> 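I'd like to ask some things about the structure below.
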Amino acid sequence: MATKLVGQNYTTPDIVAKVTGKAKYAEDFRAEGMLFAKLLLSPMPHARVVRIDTSAAEALPGVKAILTVDDLPGAQAGAEIAENVRASAVTERGLTNEPMYEGEPILAVAAVDEITAAEAVEKIQIEYEPLPFAVDPIASLRPGSANARTTGNVWMRPPAPPAGQAPAAPQGRGGAPAAPPRPEVQEMKWTDADFAAAPEGQMPMGQSADEWTVGDVEAELKNAALVIDRTWVGQNTSHQVLEPRSAMAYWQNNKLYLHAGTHSTVQTV
């Protein structure tokens, strides 16, 4: 049993169904009387919704409901979704009247079929007020620049209390020290002098959002056989899943049935 899978070539039990199209995803399930939803997405990277006219969409036969952010309870910041998974009002937004990126959902239309829902979305009239936005992290650090979020432009941990005023370390499970404070989205700007001092082709080195130091860094650099001093910038590479991003839910015999594409089962339920 110890070497049944580890170090061996094997075929996963679902691979044939996936590559032949026989696998059923959330998109493939149907229930009697189900509705189909389509989202109206923001065409701007940052804007404020000034006016919404849904009258033409509501008059379309087959349209059953139109939801805006006012119809949702909103994210409960700090609520524990699951162990070590905390909801955030910054990220847990189903709909919004102030989109912070192009493609963020503004409203949802529910209709008897997908075509009707899509047609209804096209009939909705929305007026936007364009607002400043940021798509370059370094540019957002310049003095007076726009932020990527309403609360700021970087993830930062709350500052440590002054020396001599540190509270007792919070205790976690079993009496172990609790994890450090969670980072929050805050505003941080570098100075004009920071940018002016940056060598050609290199990133300025202003205040850091978070920093770790292990050992005597300066001493090790002096003793190193090779020191490479340059700026690296990496991008976020997302995994690309096979299933469409969709979900289906319905009540049956006093139970809620949910079909959704997710790899975070605990967080979803």
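All values reported here derive from a predicted model rather than from experimental measurement.
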> Is it the case that more than 12 heavy atoms not belonging to Leu41 sit under 6.0 Å from its CG atom?
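More than 12 heavy atoms, drawn from other residues, nucleotides or ligands, come within 6.0 Å of this atom.
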> Would you say that Val109 contacts Glu119 through its side chain, given a criterion of any heavy-atom pair below 4.5 Å between the two side chains?
no
> Does the Trp190 side chain pair with the main chain of Met205, one donor and one acceptor, at a distance under 3.5 Å?
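Judged by distance alone, no pair lies under 3.5 Å.
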> With a 4.5 Å heavy-atom cut-off, do Ile52 and Ile124 have their side chains touching?
yes
> How are the rings of Phe29 and His259 set relative to one another: parallel (under 30°), tilted (30 to 60°) or perpendicular (over 60°)?
parallel
> Testing the basics here: between Thr116 and Val112, what is the closest heavy-atom pair and its distance to 0.1 Å?
OG1-CG2, 4.3 Å
> Which atoms form the tightest heavy-atom contact between Ser140 and Lys189, and what is the distance?
O-NZ, 2.6 Å
> Taking all non-hydrogen atoms of both residues, which atom of Ala247 and which atom of Leu258 are closest, and how far apart?
CB-CD1, 4.5 Å
> Would you say Val154 ends up clustered with Phe195 if hydrophobic residues are merged whenever their side chains have heavy atoms under 4.5 Å apart, either directly or through other cluster members?
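Cluster IDs for Phe195 and Val154 match.
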> Check the hydrophobic clustering (I, L, V, M, F, W, Y; side-chain heavy atoms under 4.5 Å; chains of links allowed) and say if Met248 and Tyr257 are grouped together.
yes
> With heavy-atom distances below 4.5 Å as the criterion, would you say the side chains of Pro99 and Met44 are in contact?
no
> Give the cluster check for Tyr128 versus Leu107: same hydrophobic cluster or not, with ILVMFWY residues linked at side-chain heavy-atom distances below 4.5 Å.
yes
> Where do Thr213 and Glu211 come nearest, in terms of heavy atoms and distance?
OG1-OE2, 3.9 Å
> Nearest 0.5 Å, please: how far is CE in Met100 from OG1 in Thr150?
5.5 Å
> Atom CZ in Phe133, atom CZ in Arg149: separation rounded to 0.5 Å?
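Phe133 CZ to Arg149 CZ: 14.5 Å, rounded to 0.5 Å.
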> How many angstroms lie between CG in Asp53 and CD in Glu127, if you round to the nearest 0.5 Å?
11.0 Å
> Examine distances only and state if a side-chain atom of Asn153 and a backbone atom of Met188 form a donor-acceptor pair shorter than 3.5 Å.
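At least one qualifying donor-acceptor pair exists.
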> Look only at the side chain of Lys222 and the backbone of Val217, and say whether a donor-acceptor pair between them is shorter than 3.5 Å.
no
> How long is the gap from OH on Tyr250 to CG on Leu35, to the nearest 0.5 Å?
14.5 Å
> Rounded to the nearest 0.5 Å, what's the gap from OG1 on Thr96 to CD on Glu104? Could you check?
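Output value for this atom pair is 5.0 Å.
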> Should Val121 and Val49 be counted in the same cluster of Ile, Leu, Val, Met, Phe, Trp and Tyr side chains packed under 4.5 Å apart?
yes
> Drop me the distance from Asp70's CG to Leu95's CG, to the nearest 0.5 angstrom.
10.0 Å
> How far apart are the closest heavy atoms of Ala120 and Ala57, and which atoms are they?
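Shortest heavy-atom separation between Ala120 and Ala57 comes out as O-CB, 3.4 Å.
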> Below 4.5 Å, heavy atoms only, C-beta onward: do His46 and Glu98 meet side chain to side chain?
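Heavy-atom side-chain distance check passes, below 4.5 Å.
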> For residues Ala249 and Leu256, report the shortest heavy-atom separation together with the two atoms involved.
CB-CD1, 4.1 Å
> Tell me whether Leu141 is reachable from Trp155 by hopping between hydrophobic residues (I, L, V, M, F, W, Y) whose side-chain heavy atoms are closer than 4.5 Å.
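No, it is not one cluster - the side chains of Trp155 and Leu141 are not joined through contacts under 4.5 Å.
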> If we only count heavy atoms from C-beta on, is the Asn97 to Arg48 side-chain gap below 4.5 Å?
no
